[in-house]
Number of protein chains: 2
Amino acid sequence: MASEQKSPLTQKRIVHAALAVADRDGIHSISMRTLATALDAGTMSLYNHIRNKDELIDAMVEDIAATIERPEPGADWKQGVRQIAVSTRTVLHRHPWAVEVWSARIPGPQRWTLMEAILDQLASAGLPDDLTDLGLHAVLNHVLGHTRQELAAVRSNPGTHVQDLAAELDAERFPHVIDHLRYHAEDHPTHDSFLFVLDLILDRLDGMARRHGTGTAH
Amino acid sequence: MASEQKSPLTQKRIVHAALAVADRDGIHSISMRTLATALDAGTMSLYNHIRNKDELIDAMVEDIAATIERPEPGADWKQGVRQIAVSTRTVLHRHPWAVEVWSARIPGPQRWTLMEAILDQLASAGLPDDLTDLGLHAVLNHVLGHTRQELAAVRSNPGTHVQDLAAELDAERFPHVIDHLRYHAEDHPTHDSFLFVLDLILDRLDGMARRHGTGTAH
DNA sequence: CTCATGTCACGTACACCGTACGTATCGATG
DNA sequence: CATCGATACGTACGGTGTACGTGACATGAG
């Protein structure tokens, strides 16, 4: 009657279980004990497949980084970078906990590959070294920073609603803020500040690349 | 011989002590026990002045938010917003731990005031409601997001150096990344992507405000 | 002066955390 | 059969945030 073979623990099984928990309840509700219980295993068994909790989280981040879309080779560089940027944002929205740890640790292969892809696109634009550097940081910081901010705004305190905040504020000191919060409470078809800034950056880089390429600077 | 009067515990004294610890060792090395020890007090005594650890951190953030420079009234709106943005970044660089918790919780009075100031400047630019909304998010997300990213890059793993990272990477898979890391190891006079993007945003908003103001939209 | 009341410092205790370490089980190989 | 390596597991340690009860003390009322 050995019909109840438990499928053996693997790094992949652990990471996937952790992803499921984090997507549902946030990264902070992962503890080695609860995770092991969810996997129907002893707490310390996990350590046969994972060095420690930090590396588990690294592995989780790498796992979702692998799902970010890359442009096919030969694509227009601006479209290519834009695709990576938008896809990164989409993926991070799907895993809201991830952006909090994304930049806190050294990248793994998947994230290096992503960075390589962006640099590759920028290089094909013909930007000089210093502007490639500028462009990479502008794009990366925008994507991760902006996404983090919008996620924090949504999720910062689960129970509270925007209109409750407005009600607690002193109308004399914060008239504009109250207007702004009310504006958000009604849901206007709002401009997307993520794409707004992203395209500002890309268009400007494009302009600088053309100026540099034709040698007619200034 | 009552010369050893211990100065009484106050919220202010606790917050300042916590700030000193956080600035030196990071937010994670603050625990209620170590903090109390640093103040030469019992752990639970702190709770007479502070509801819980989260509110202590809120108070710390508010304390440093108060040090951000605001424009004097009547200033040019673009310069005004720029000043707040730059000063916010400077202050966050002075307290690197703060940006990690900045957006994670609901703002207090100081941060509402800051938001009010930005909205006030944008309003004086004559932008319509939807563009004010766009501008606020573009600016706020840029300032906090970008600053968080640059701080994370610097501080993510204290021991490691850039050139060590480059040495570990596969030269065939990550040629651009390795170049980029090497480029950073030599210290070039690098463009400031923070100001680059900030000015892109402000100039564009300015352009839209003018178009809107003169009624000659497209 | 006496006593009540409120404020604040402190110690203890609890539940939970990550994980070092020792041990037991089991399949593969000699 | 004996051995060995990989894996699962239990126990235990030092850390965390904080609920709760106690006791010192200052202040004000009678």
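In what follows, chains are A, B, ... by sequence order, proteins preceding strands, each numbered from 1. Not measured: the values here are computed from a predicted model.
Rounded to whole Å, the distance from CD on E55(A) to P on dG18(C) is 15 Å. Going from atom CG of D40(B) over to atom P of dC8(C) covers 19 Å, rounded to whole Å. As rounded to whole Å, 14 Å separates atom C1' of dC10(C) from atom CD1 of I14(B). Taking atom CG of residue N48(A) and atom C1' of nucleotide dG5(D), one finds them 12 Å apart after rounding to whole Å. Summarising the geometry, the separation between NE2 on H28(A) and C1' on dC16(C) is reported as 15 Å, rounded to the nearest angstrom. As a whole-Å value, the separation of L35(A) CG from dC16(C) P is 17 Å. In this structure, the CD1 atom of I50(A) is 13 Å from the P atom of dT7(D), given to the nearest Å. The CZ-P distance, from R13(B) to dC8(C), rounds to 14 Å in whole Å.
Using modelled atom types, no side-chain atom of S45(B) and backbone atom of A41(B) make a donor-acceptor pair closer than 3.5 Å.
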Can you give one letter per nucleotide of nucleotides 12-28 of chain D, 5' to 3': B if a protein heavy atom sits under 4.0 Å from the base, S if only from the sugar-phosphate, - if neither? B---BBBBB--------
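Taking the six-membered ring where the residue is Trp, Y183(B) and H188(B) present parallel rings, their angle staying beneath 30° rather than reaching 60°.
Listed pair H49(B) / dT7(C) fails the phosphate criterion, with no side-chain N or O lying under 4.0 Å from OP1 or OP2. Of the side-chain N and O atoms in S45(A), none sit less than 4.0 angstrom from OP1 or OP2 of dT7(D).
For H184(B) and H180(B), the gap between ring centers is short of 6.0 Å.
Between D120(B) and R70(B) there is no salt bridge, since no side-chain N of the basic residue sits under 4.0 Å from a carboxylate O of the acidic one. Between D199(B) and R82(B), at least one side-chain nitrogen of the basic residue sits less than 4.0 Å from a carboxylate oxygen of the acidic one, meeting the salt-bridge criterion.
With 3.5 Å as the limit, one finds no donor-acceptor pair spanning the side chains of E150(A) and H137(B).
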